[in-house]
Amino acid sequence: MEPKKVMLSGIKPSGELTLGSYLGAIRNWKDQADQYDCYYFMADLHAITVRQNPADLRRRTIEQLAQYIACGLDPEKNTLFIQSHVHQHAELGWVLNCYAMFGELSRMTQFKDKSAKNADNINGGLFTYPSLMAADILLYQPDFVPVGDDQRQHVELTRDIAVRFNHVYGETFKIPEPFISKVGARIMSLANPEAKMSKSENDDPGRVTLMDSPDVIMRQFKRAVTDCDACVRYDPENKKGIANLMTIYASCTGKTFQEIEKEFDGQGYGAFKTAVGEAVVELLRPIREETAHLLADKSYLESVCKNGAEKAGYIANKTLRKVYKKIGFVAKSN
Ligand code: TYM
């Protein structure tokens, strides 16, 4: 029998998970486990490229694990782990730093954006972040990396680094493909439809988090920035706010843009915003409730991370040993 293809992805626990994290990423991870060997992790090493409060980082990392499970990732079928529990990530990250070029790292849009936002803390980690992300990916030899549109550039750089390495040392890494959904790959802020919905509250007053109460969600949607045209029509160039709300509604209900236009024909934005808000409340309700339930059982969550780290570590170690051998490091005798 052919071995299953591999899928891998991660999220930084740098803020509360949002509707954007769910629609752009996690939603595309669930229901894959029958077909793929799936690895999903909490990217805590990546989170510290921006200063984090230690207690919040710890809380969010565990909360994120509970949310993964609540979103439908069964730990019996998916390998769920915390990035820093698998030390091979940091080790391969260093190696790949030596195969990532200054010029290509400088061109990364996320580096440019984050350096502009954190002008007082443009640290080396922020700059070399994509080599660590390449290591996260290449350690598991995945076929697909399901991410939102903003991470496409990093997955493409991962491919370039892998091709470069393979060219020098012979076939070592599988070249992964980004896996980006057609609808929902870029959910915008409800307060500013020009900017991506962001996990950090300071960056985005127009975010909706997975743990928000129905009241908060409804308030966010009622306040959503739109235009003065009063016509629900999909025009992402000229009606960015409405296009974003239509994308969210389409993602929640499975309806097409045409069907949504018809449904709200002749109605004002008020009715439309309420319908989108209600659809999101119902989408997130079971996730919020199940997360709260799981968070009450810390020992279960600890056992999930322990098993996940063991399984991930085994695979990661195999790849790292292969890399060390190829580049000429002396093997450690046992
Ligand atoms: P992060 O933590 O910023 O985001 C996690 C995932 O959610 C997607 N996403 C969105 N999709 C649609 N609309 C949005 N508003 C939105 N916001 C976030 C992101 O595209 C991403 O898929 N560097 C990565 C984490 C990472 C990773 C990896 C991912 C580290 N190592 C290896 C894949 C493979 C990041 O910062 O994602």
Side-chain angles (χ1 to χ4, degrees), residues 6-29 38-50 52 57 60-61 64 67-68 71 81-84 86 88-90 92-93 96 105 108-111 113-114 117 125-126 128-159 161-162 176-200 203-204 206-210 240 243-244 247-248 251 312 316:
V6 177
M7 194 169 258
L8 165 133
S9 199
I11 301 185
K12 295 187 303 274
S14 54
E16 312 302 325
L17 292 192
T18 69
L19 183 63
S21 330
Y22 180 70
L23 296 179
I26 310 176
R27 195 183 48 155
N28 305 311
W29 305 354
C38 296
Y39 296 82
Y40 302 115
F41 61 97
M42 281 62 77
D44 54 351
L45 296 176
H46 279 94
I48 61 163
T49 51
V50 172
Q52 300 292 330
L57 179 58
R60 281 198 226 102
T61 306
Q64 195 172 307
Q67 287 170 330
Y68 281 4
C71 286
F81 65 98
I82 298 176
Q83 187 187 25
S84 64
V86 182
Q88 289 84 357
H89 288 245
L92 185 64
L96 297 184
L105 293 172
M108 293 294 110
T109 312
Q110 189 167 307
F111 171 67
D113 287 354
K114 290 240 157 111
K117 274 188 200 142
L126 204 55
T128 57
Y129 180 115
S131 344
L132 178 59
M133 180 158 160
D136 299 337
I137 297 172
L138 298 175
L139 278 173
Y140 301 90
Q141 310 280 6
D143 297 272
F144 297 108
V145 183
V147 286
D149 194 49
D150 62 320
Q151 294 299 320
R152 181 194 298 272
Q153 202 185 28
H154 289 156
V155 180
E156 270 158 15
L157 180 58
T158 299
R159 290 164 57 88
I161 294 173
E177 295 282 340
F179 178 96
I180 297 171
S181 70
K182 287 201 179 69
V183 180
R186 184 172 282 270
I187 299 297
M188 310 311 273
S189 164
L190 300 182
N192 174 13
E194 304 273 345
K196 174 188 91 148
M197 185 179 283
S198 159
K199 283 197 280 277
S200 132
D203 286 353
D204 188 3
R207 67 184 188 148
V208 169
T209 79
L210 298 192
K240 289 195 165 65
N244 188 39
T247 301
I248 295 172
S251 302

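Counting starts at 1 for both ligands and their atoms, following the listed order. Sequence positions, counted from 1, serve as the residue numbers for this chain.
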(message) I need the atoms of ligand 1 closer than 4.0 Å to a non-hydrogen atom of Gly24, numbered in the order shown.
(response) 11 (N), 12 (C)
(request) Give the ring-plane orientation class for Tyr129 versus His154, where under 30° counts as parallel, over 60° as perpendicular and anything between as tilted. (result) tilted
(message) Which of the numbered atoms in ligand 1 are under 4.0 angstrom from any heavy atom belonging to Lys196?
(response) 14 (C), 15 (N)
(request) Kindly determine whether Cys38 and Trp29 satisfy side chain to side chain contact (heavy atoms under 4.5 Å, CB included), including the steps that lead there. (result) CA-CA 8 Å; Cys38 296; Trp29 305 354; over 6 Å; no
(message) Is the contact between Ile137 and ligand 1 made by the side chain, the backbone, both, or neither, using heavy atoms and a 4.0 Å cut-off?
(response) side chain
(message) Give me the residue, atom name and distance of the protein heavy atom closest to atom 10 (C) of ligand 1.
(response) Gly20 O, 3.4 Å
(request) If the plane angle is over 60° it's perpendicular, under 30° parallel, otherwise tilted; pick one for His89 and Tyr140. (result) tilted
(message) If I apply the N/O under 3.5 Å rule, does His154 come out as touching ligand 1?
(response) no
(message) Measuring only between side-chain heavy atoms, which start at C-beta, is Cys71 closer than 4.5 Å to Leu210?
(response) yes
(message) Quick check on contacts: which atoms of ligand 1 are under 4.0 angstrom from a heavy atom of Gly184?
(response) 12 (C)
(message) Using a 4.0 Å heavy-atom cut-off, which part of Leu23 comes near ligand 1: side chain, backbone, both, or neither?
(response) neither
(request) Run the numbers for me: atoms of ligand 1, each under 4.0 Å from some heavy atom of Ala25, listed by number. (result) 6 (C), 7 (O), 22 (O)
(message) Checking a contact table here: which protein heavy atom is nearest atom 29 (C) of ligand 1, and how many Å away?
(response) Gly10 O, 3.3 Å
(message) What I want to know is whether Lys199 and ligand 1 share at least one N or O pair that is separated by under 3.5 angstrom.
(response) yes
(message) Go through it in stages, so that I can follow the logic: the residues are Glu194 and Lys240, the test is side chain to side chain contact (heavy atoms under 4.5 Å, CB included), and I'd like the CA-CA distance, side-chain angles, deciding distance and then a yes or no.
(response) CA-CA 7 Å; Glu194 304 273 345; Lys240 289 195 165 65; 3.7 Å; yes
(request) Using a strict 4.0 Å cut-off to heavy atoms of Met197, name the atoms of ligand 1 that fall inside it. (result) 15 (N), 17 (N)
(request) Would you tell me whether Ser189 and Asp204 have side-chain atoms, one donor and one acceptor, within less than 3.5 Å of each other? (result) yes
(message) Within this structure, what is the CG-CD1 distance for the pair Leu45 and Ile82, rounded to the nearest 0.5 Å?
(response) 10.5 Å
(request) Would you mind listing which atoms of ligand 1 come within a distance below 4.0 Å of any non-hydrogen atom of Ala185? (result) 11 (N), 12 (C), 13 (N)
(message) I'd like to check His46 versus Asp136 (side-chain heavy atoms, cut-off strictly below 4.5 Å). Are they in contact?
(response) yes
(request) Say whether Asp150, considering both its backbone and side-chain N or O atoms, lies within less than 3.5 Å of an N or O atom on ligand 1. (result) yes
(message) Show, in sequence, the C-alpha distance, side-chain angles and deciding distance for Met133 and Val155, and conclude whether the side chain to side chain contact (heavy atoms under 4.5 Å, CB included) test is met.
(response) CA-CA 8 Å; Met133 180 158 160; Val155 180; 4.2 Å; yes
(message) Closer than 4.0 Å to some heavy atom of Val145 - which atoms of ligand 1 meet that?
(response) 33 (C), 34 (C)
(request) Find out whether Tyr40 and Ile26 are in side-chain contact, i.e. whether some heavy atom of one side chain is under 4.5 Å from a heavy atom of the other. (result) no
(message) Looking at non-hydrogen atoms alone, which of His46, Lys12, Gln151 comes nearest to atom 24 (C) of ligand 1?
(response) Gln151
(request) Pick one of side chain, backbone, both or neither for how Ser198 approaches ligand 1, counting any non-hydrogen atom pair under 4.0 Å. (result) neither
(message) Donor-acceptor pair, distance only, cut-off 3.5 Å: does the side chain of Lys199 make one with the backbone of Lys12?
(response) yes
(message) Applying a heavy-atom cut-off of 4.0 Å, say which part of Val147 lies close to ligand 1: side chain, backbone, both or neither.
(response) both
(message) Test your reading of the structure: does Tyr129 have an N or O sitting under 3.5 Å from an N or O of ligand 1?
(response) yes
(message) When you compare ligand 1 with Gly148, is there at least one nitrogen or oxygen pair between them that comes in under 3.5 angstrom?
(response) yes
(request) Answer with side chain, backbone, both or neither: which part of Arg186 has a heavy atom less than 4.0 angstrom from an atom of ligand 1? (result) backbone
(request) Looking only at protein heavy atoms, identify the closest one to atom 31 (N) of ligand 1 and say how far it is in Å. (result) Asp136 OD2, 2.6 Å
(message) Can you tell me how far apart CG (Leu132) and OG1 (Thr158) are? Round to the nearest 0.5 Å.
(response) 10.0 Å
(request) Check whether more than 12 heavy atoms from other residues, nucleotides or ligands sit under 6.0 Å from atom CG of Leu105, and answer yes or no. (result) yes
(message) Taking 4.0 Å as the limit for heavy-atom contacts, which would you say applies to Phe41 with ligand 1: side chain only, backbone only, both, or neither?
(response) side chain
(request) Could you tell me if any non-hydrogen atom of Gln83 lies under 4.0 Å from any atom of ligand 1? (result) no
(message) Ile187 versus ligand 1: do any nitrogen or oxygen atoms come within less than 3.5 Å of each other?
(response) yes
(request) Kindly compute the distance separating CE (Met42) from CG (Leu17), expressed to the nearest 0.5 Å. (result) 10.0 Å
